[in-house]
Chemist: 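Below is one structure. I have some questions about it.
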Amino acid sequence: MKSNKFGWKFEEYKSGDVDGLNVGEVETFKDTPLDSLAKESAQNSLDAKADGNKPVTLEFNSFYIDQEDFPNIEDYREMIDLQIKFWGVTQNDSSTVKFFREARDIINRKKIFCLRISDFNTTGLEGSRDGKGNILSNWWKLVRSKGVSDNSQLKGGSFGIGKHASFACSKLRTTFYSTLDLEGIQSHQGVSILATYDTKEGIRTRGKGYYCKLNDFSCIEGPLSLDQEFNRDGPGTDIFIIGLIEDENDLKNKIIPSILRSFLLAIYNGNLVFKINGETIDKYSLGDLIEGYKNSTINILDYSDIIEDYDILSENLEIKTYNYTMFEENDITLKLSLMPRLKKRIGIYRGNGMKIFDKKNLRLTSDFAGSLFLKGDKVNGYFRNLENPQHNNWSPNRADNPKEATKRINNLHDFIKDSLRDLENKIMPESENMGGISLLDEDIEEEGIKPIEGVDFIPVKPRESKTIKGSRKKIKRSVKPKPPVPNPLPPAERPAPEGEIVEKIDPIKNIPIFPEKIKLFQDNTGEYNLIYNFSEEFNSANCKIFIDGEQTNENVEIDKASIYENNKKNNLQFKNNKIILGNIVKNSNNHLKFKLKEKGMWALEVQFYDNQ
C-alpha cells in the first residue's frame, strides 16, 4: 500500500549522533520476550477495564499477511537497504548488517508471520488525536513517548519501559498500534525501533521511525486491520507484531504458561479471560485445563508450579489463612499449606490478580507452598512503586525513602516466616520418630533440664543427616575419612569470643556417633536448644551444625555455644560450624544451647562425632 500522505519516516539527527540496534529498553526483554509480552499486555489491559462488573478479554491470534499488505512496504524495504549500506560500508558492523539482511529476507517473503494482541471491555487509548498537546494521554505514552509513565500508584501497566516487550518479539523490531476509544475515535500508527542510517538525500536519522502522517509524524485516522479475519466492533486496543520470533506451532506452548504463571489469580477470580488462536481460558475452563496438566505424562514438570498455585487458590490442599495489617486493617492475606513435595515458595500477588514473583529461600523443615495477596489500595500502591521494569521483583531503592521500604519488606518477610513457623508447630507433632531415634519428651525434666525461666521454647524438627540415613552398619561403611595431611602446620592461636577456638583434629579419628534420643528447640531469643542422649560414653565428642538444603547442606557459623549441667551454664569451645562437646556420659540427657550468626529460623541438621 503506497500513499503520498502516509509513510515511514525517521526523525533527522542534526547533531550527527548515531543510534545502534542495542537499545536498552528492548534488550531488557530479550531473555524472556514472550513471558514479558504476555505480562505487559495483560496488566495494561486490566488497568484499562471499562465495565468493572465484566472481565477483560485479552486475545492473542497469530496470522500471516501478504507482502503487499505490509503498509508502504516499498519505503520500508528501501530503508532496510540503506541500513545495510550504512552499517556495512560506513561503520563495518557485521552483526548489525546481519540483522538487516535477515530483515530484508523476511519482508521479501510472500507471507510474513505476525501476532495480533487485542483487548475487549477496555477504554481503548484516549488522546490519539490530541498530538503534542497531551503528552500524558495513554496514546502518547504508549506510542510516542520514552521514559514517561503513569504516576498512578494503583496502575499495574503504565506504558513505561514494558511497552518495548513487543519489539523484542519482532524480528523486524516493528509494531503497529490501532485503537477505538470510548468516544468512538479510531486511530493507528506503526513504530520501528531500529538504527541510524543516512537517507538518499544524505540526512542522518535517529533509530526510531514511524508509519504516520508524513508532514508531522502524527497518527493516522481510522482503524488498521492487518489480520483479515478480524474487525473491531467495540472499544479497545490492537497491537500487531510483525515478523514474530516464534514458530506458529509452538506459540500456545509458550504463551499459555506465561499467562497462567502471571495471571492465574485474575483468571480464577473472573477478572480476565484469555484467548489464543481459538482456545479460551477463563474461570470456567481453568479447572479442566489444570486437571489436564495433572494427568499429562509430558512436560509435567513444566506446569508443576502452575498446578501448585491453582491448588492453593482453589484450596484443594489443606490451607491455613493468616492476615497482616500494614496500612489498613488486614490489607495482606497469606494462604499456606504444608505437604510433602511442595516447592517451598510463596507467590506474591498484586491486587489486579498479577503475580509479581515467587518468594523463595525460606528455610523450613517441612515442604510448603503459599500465596500472599496485597489487598488494600495503599499497600498495592506502595509496593507497586517498588517494582522493577520487568515487574518481577521489589527494590527498596525505588522508594522515596529506601530505609522505610527495606523495613516494610523485611516486616512482610517476617510475617511470612512467623506464619510458617506457627503452621509447622500446629501441624507437625512435637516429637517424631527418626528411623529408630526416639525423641525426648517426658525425660527432660527428670534430669533437671528445664526451659530457662522467661524463655519460650518452640519445637523445631531436626533433619536426619543425609550422610547417616539407613542402618548404622551402612553408615559406618559410607564414611570415608580423608588421609592425613603430611607434616601439617599447627593452626595459629588467636583470642576467641566466648569460647571460640581454633583446634586441630585428626580427620581419620573423627568417627560418626549416633544418639538414641534427640530433640531440638528454638527459643524466642533466636537461640537453639538441643537435648540428646547416648547409650555409650564418649570422652572427646563434637558436633557439627548444618542448614539443611534440598540437595546439599550449607555450613553455618556458630556465634556462641554452652552446655547446661544441673542448670549451670558452661561455655563451650567452637569453630565455624563445629562445637567441642568433650565428655558425654552414658544414658544421660544433655542440654546444648547455641546461637548462629545467620539470623532466622532454619531447618538444621546435627551430626555427632567422637575424636577417638
Side-chain angles (χ1 to χ4, degrees), residues 25 28-29 32-52 54-60 115 117-126 138-139 141-143 145 148-169 175 177 179 236-239 241 255-276 281-282 306 309 347-358 371-375 377 379-395 398:
E25 294 89 347
T28 298
F29 301 102
T32 55
L34 286 177
D35 285 349
S36 301
L37 177 69
K39 197 167 191 176
E40 295 295 333
S41 301
Q43 67 171 332
N44 287 335
S45 296
L46 284 169
D47 287 333
K49 178 185 282 193
D51 186 342
K54 297 179 181 179
V56 166
T57 297
L58 184 66
E59 182 175 295
F60 281 58
L115 178 68
I117 306 172
S118 300
D119 61 26
F120 306 89
N121 187 31
T122 60
T123 61
L125 298 172
E126 45 80 24
N138 282 337
W139 172 268
K141 285 186 297 183
L142 177 62
V143 181
S145 68
V148 177
S149 62
D150 196 334
N151 291 323
S152 173
Q153 291 184 335
L154 295 180
K155 296 294 184 181
S158 57
F159 304 120
I161 193 174
K163 66 187 179 184
H164 294 87
S166 62
F167 296 94
C169 293
T175 296
Y177 303 94
T179 191
T237 300
D238 308 305
I239 300 175
I241 299 173
I255 293 289
I256 290 178
S258 296
I259 285 289
L260 292 179
R261 285 191 175 94
S262 295
F263 291 94
L264 184 68
L265 176 61
I267 297 173
Y268 181 83
N269 288 338
N271 294 323
L272 177 66
V273 174
F274 178 67
K275 296 182 179 181
I276 179 166
I281 302 174
D282 58 16
I306 299 172
D309 288 344
I348 310 294
Y349 290 87
R350 203 199 287 155
N352 67 353
M354 185 182 84
K355 181 197 282 188
I356 309 168
F357 60 90
D358 283 320
S371 296
L372 184 142
F373 310 99
L374 305 178
K375 299 191 302 182
D377 286 350
V379 73
N380 269 282
Y382 186 84
F383 284 100
R384 166 67 184 88
N385 281 341
L386 304 186
E387 290 177 23
N388 61 359
Q390 295 89 343
H391 303 290
N392 60 12
N393 207 352
W394 289 328
S395 172
R398 294 180 174 274

Chemist: How long is the span from the CG atom in Asn121 to the CG atom in Leu272, to the nearest 0.5 Å?
Modeler: 11.0 Å

Chemist: Do Phe167 and Phe29 have their ring centres less than 6.0 Å from each other?
Modeler: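 Aromatic pair excluded; centres sit 6.0 Å or further apart.
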
Chemist: Checking Gln390 against Thr32 for the side-chain contact (heavy atoms from CB on, under 4.5 Å) test, could you report, in this order, the C-alpha distance in whole Å, the side-chain angles of both residues, the deciding distance, and whether it holds?
Modeler: CA-CA 10 Å; Gln390 295 89 343; Thr32 55; over 6 Å; no

Chemist: Considering all heavy atoms of both residues, which atom of Ser41 and which atom of Ile117 are nearest to each other, and what is their separation?
Modeler: OG-CD1, 3.8 Å

Chemist: Does some side-chain heavy atom of Thr28 sit less than 4.5 Å from a side-chain heavy atom of His164?
Modeler: no

Chemist: Grab the two heavy atoms, one from Pro33 and one from Ala168, that are nearest each other, plus how far apart they are.
Modeler: CB-O, 4.0 Å

Chemist: Work out which heavy atom in Arg398 is nearest to a heavy atom in Leu386; give both atom names and the distance.
Modeler: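 Nearest pair, atom of Arg398 first, then Leu386: CD-O, 3.6 Å.
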
Chemist: Does the side chain of Val273 come within less than 4.5 Å of Phe120's, by heavy atoms?
Modeler: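 Side chain of Phe120 against side chain of Val273, heavy atoms only: no contact under 4.5 Å found.
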
Chemist: For Asn393 versus Ile356, what's the shortest heavy-atom pair and its separation?
Modeler: N-CG2, 4.0 Å

Chemist: Taking the side chain as C-beta and beyond, is there a heavy-atom pair between Asn352 and Asn271 under 4.5 Å?
Modeler: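 Result no, sub-4.5 Å side-chain heavy-atom pair not found.
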
Chemist: Does Asp309 come within less than 4.0 Å of Lys355, counting only side-chain N to carboxylate O?
Modeler: yes

Chemist: Which atom pair, heavy atoms only, marks the closest approach of Ala42 to Ile259?
Modeler: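 The pair with the smallest heavy-atom distance is CB-CD1, 4.4 Å.
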
Chemist: Closest approach of Phe60 and Phe274, non-hydrogen atoms and distance?
Modeler: CD1-CE1, 3.4 Å

Chemist: With heavy-atom distances below 4.5 Å as the criterion, would you say the side chains of Lys39 and Asn392 are in contact?
Modeler: yes

